[in-house]
Structure formats: structure tokens, C-alpha cells
**Student:** 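Here it is: the structure, laid out below.
Computed from a prediction, not measured in an experiment: that's the story for all the values here.
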Amino acid sequence: MSTPQTTRFVRLRVDLVLEITDADALTGTALEHLAAERAAATSPDGFREGTADGSADGNFAAEHTHTEEAVREDAAQAIASLVDPLTPVAEVPGVELVQASWDSETIEYDPDAEDWTVGDEEDDAYYGIEDNETDDEEAVDVTER
């Protein structure tokens, strides 16, 4: 008997469209989250963990400042700083995350437009996905729930 072949790697693609109803609340929460991350990265005695002399890591500080500026200027960046899409995957038994990437962007959205779809052929080309003649992608309208 031969062992049936199973898929070892699975690409899970999720597209979400969020409506920003309170940009100030979003930005404020994102900035608070960044401040908490910065505080957590510093030990109680005020020294940056992981440095030999306790001096602040210049790259960390510069990256944090850049992120704060981006969050203030762009709601999509604020969302990206708050949302961790890896959390649900980490809790799935029998699965190990091999690679991950995500981004957020401001888009023009018209759910009534004929050409609005979840993902498209350009996305497939970007992600290197070949047409396997299955219909695994499903759009879910969460506004009707």
C-alpha cells in the first residue's frame, strides 16, 4: 500500500476591507500601542535590553520614530501596527508558520461596483499563484451578518 500524498504547504490568503469610523481613536490607540511596545522593550532600570552597555539601540529608536510618524499620517499604517494576523494561526494545532507577510493600504472601495472582487489575477501573479482550476477563494460580506 502506498501512503496518500498530503499537501505539506498551504497558502492562506485573506483580504479584509475595514471602514475607518473614527480616525482619531484609531491613531490614538495605535500610538498608545507603540508606546507600550517601546516600554516593554526597555528593562525596569531604563536600559534597553540586549545591549552590552545599556545604551538605547539607535536602530530601534529610529524605527520607532519612523513608525510613529507613519501612524500619524496614514490610517492604514495605524491599522497595520495594531493588527497581528499571525495570532490565529499560532493557535492552530499541527501547523507551523513557515513564512508570512502582510500590508495595509488605503483603497477606493465601492461594494456595488461591478469590478469589485476579493483578489484578482494581478494578485495571483504577484503571489506566484498558478490557476489550479479550483474555486477555493470565497468572498464573505460581513456587513449582512
Side-chain angles (χ1 to χ4, degrees), residues 3 5-113 115-132 134-145:
T3 304
Q5 285 195 347
T6 59
T7 302
R8 183 167 175 196
F9 298 98
V10 174
R11 181 185 313 266
L12 173 64
R13 295 187 335 166
V14 177
D15 283 344
L16 302 172
V17 176
L18 307 175
E19 179 180 4
I20 298 169
T21 58
D22 187 341
D24 292 336
L26 172 64
T27 301
T29 302
L31 291 171
E32 289 172 7
H33 179 76
L34 291 172
E37 281 183 343
R38 184 177 221 170
T42 305
S43 65
D45 60 4
F47 292 117
R48 173 89 168 97
E49 292 178 4
T51 58
D53 62 358
S55 62
D57 180 37
N59 288 336
F60 175 80
E63 180 179 324
H64 185 80
T65 300
H66 173 74
T67 303
E68 282 182 345
E69 290 173 6
V71 163
R72 282 187 180 94
E73 294 174 10
D74 185 1
Q77 293 299 320
I79 291 169
S81 73
L82 291 169
V83 174
D84 181 0
L86 306 181
T87 300
V89 175
E91 298 170 2
V92 175
V95 174
E96 181 178 333
L97 182 63
V98 177
Q99 179 182 356
S101 66
W102 69 93
D103 65 6
S104 61
E105 63 183 338
T106 303
I107 62 167
E108 294 296 322
Y109 176 68
D110 180 2
D112 298 325
D115 61 345
W116 178 258
T117 60
V118 176
D120 57 26
E121 290 179 15
E122 289 177 9
D123 288 342
D124 291 349
Y126 174 79
Y127 289 109
I129 298 171
E130 296 177 16
D131 184 7
N132 62 4
T134 64
D135 191 15
D136 295 339
E137 186 170 276
E138 180 179 329
V140 178
D141 185 357
V142 296
T143 60
E144 293 181 10
R145 289 187 178 173

**Student:** For residues L82 and H33, report the shortest heavy-atom separation together with the two atoms involved.
**Tutor:**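 That would be CD2-CB, 3.6 Å.
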
**Student:** Does the side-chain contact (heavy atoms from CB on, under 4.5 Å) test come out yes or no for V95 and V10, once each step is laid out?
**Tutor:** CA-CA 10 Å; V95 174; V10 174; over 6 Å; no

**Student:** If you measure from OG1 on T67 to CG on L31, what distance do you get to the nearest 0.5 Å?
**Tutor:**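 CG of L31 is found 10.5 Å from OG1 of T67.
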
**Student:** What's the shortest heavy-atom distance between A70 and Q77, and which atoms?
**Tutor:**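 Here A70 and Q77 meet closest at O-CB, 3.6 Å.
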
**Student:** Which heavy atom in V71 sits nearest to a heavy atom in T27, and how many Å separate them?
**Tutor:**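 Nearest pair, atom of V71 first, then T27: O-CG2, 3.9 Å.
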
**Student:** Can you tell me how far apart CG (D110) and CG (D112) are? Round to the nearest 0.5 Å.
**Tutor:**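 CG of D112 is found 5.5 Å from CG of D110.
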
**Student:** Identify the heavy atoms of P88 and P85 that sit nearest to each other, and give their distance.
**Tutor:**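 Taking P88 first and P85 second, the nearest heavy atoms are CD-O, 3.4 Å.
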
**Student:** Please find the pair of heavy atoms, one from I20 and one from A75, that lie closest to each other, and give the distance.
**Tutor:**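 Closest approach of I20 to A75, heavy atoms only: CD1-CB, 3.1 Å.
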
**Student:** Determine whether W102 and V14 make a side-chain contact, defined as any pair of heavy atoms from C-beta on separated by less than 4.5 Å.
**Tutor:**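 They are not in contact (no side-chain heavy atoms under 4.5 Å apart), so the answer is no.
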
**Student:** Look only at the side chain of S81 and the backbone of A78, and say whether a donor-acceptor pair between them is shorter than 3.5 Å.
**Tutor:**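 Flag set: sc S81 to bb A78 pair under 3.5 Å.
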
**Student:** Let me confirm one number: the CG-CG distance from L86 to L97, rounded to the nearest 0.5 Å.
**Tutor:**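 Those atoms lie 5.5 Å apart.
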
**Student:** At their closest point, which heavy atom of T106 faces which heavy atom of D74, and how far apart are they?
**Tutor:**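 Smallest heavy-atom distance, with atoms named: OG1-OD1, 3.4 Å.
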
**Student:** Distance check, rounded to the nearest 0.5 Å: E37 atom CD versus E32 atom CD?
**Tutor:**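 It is 13.0 Å, given to the nearest 0.5 Å.
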
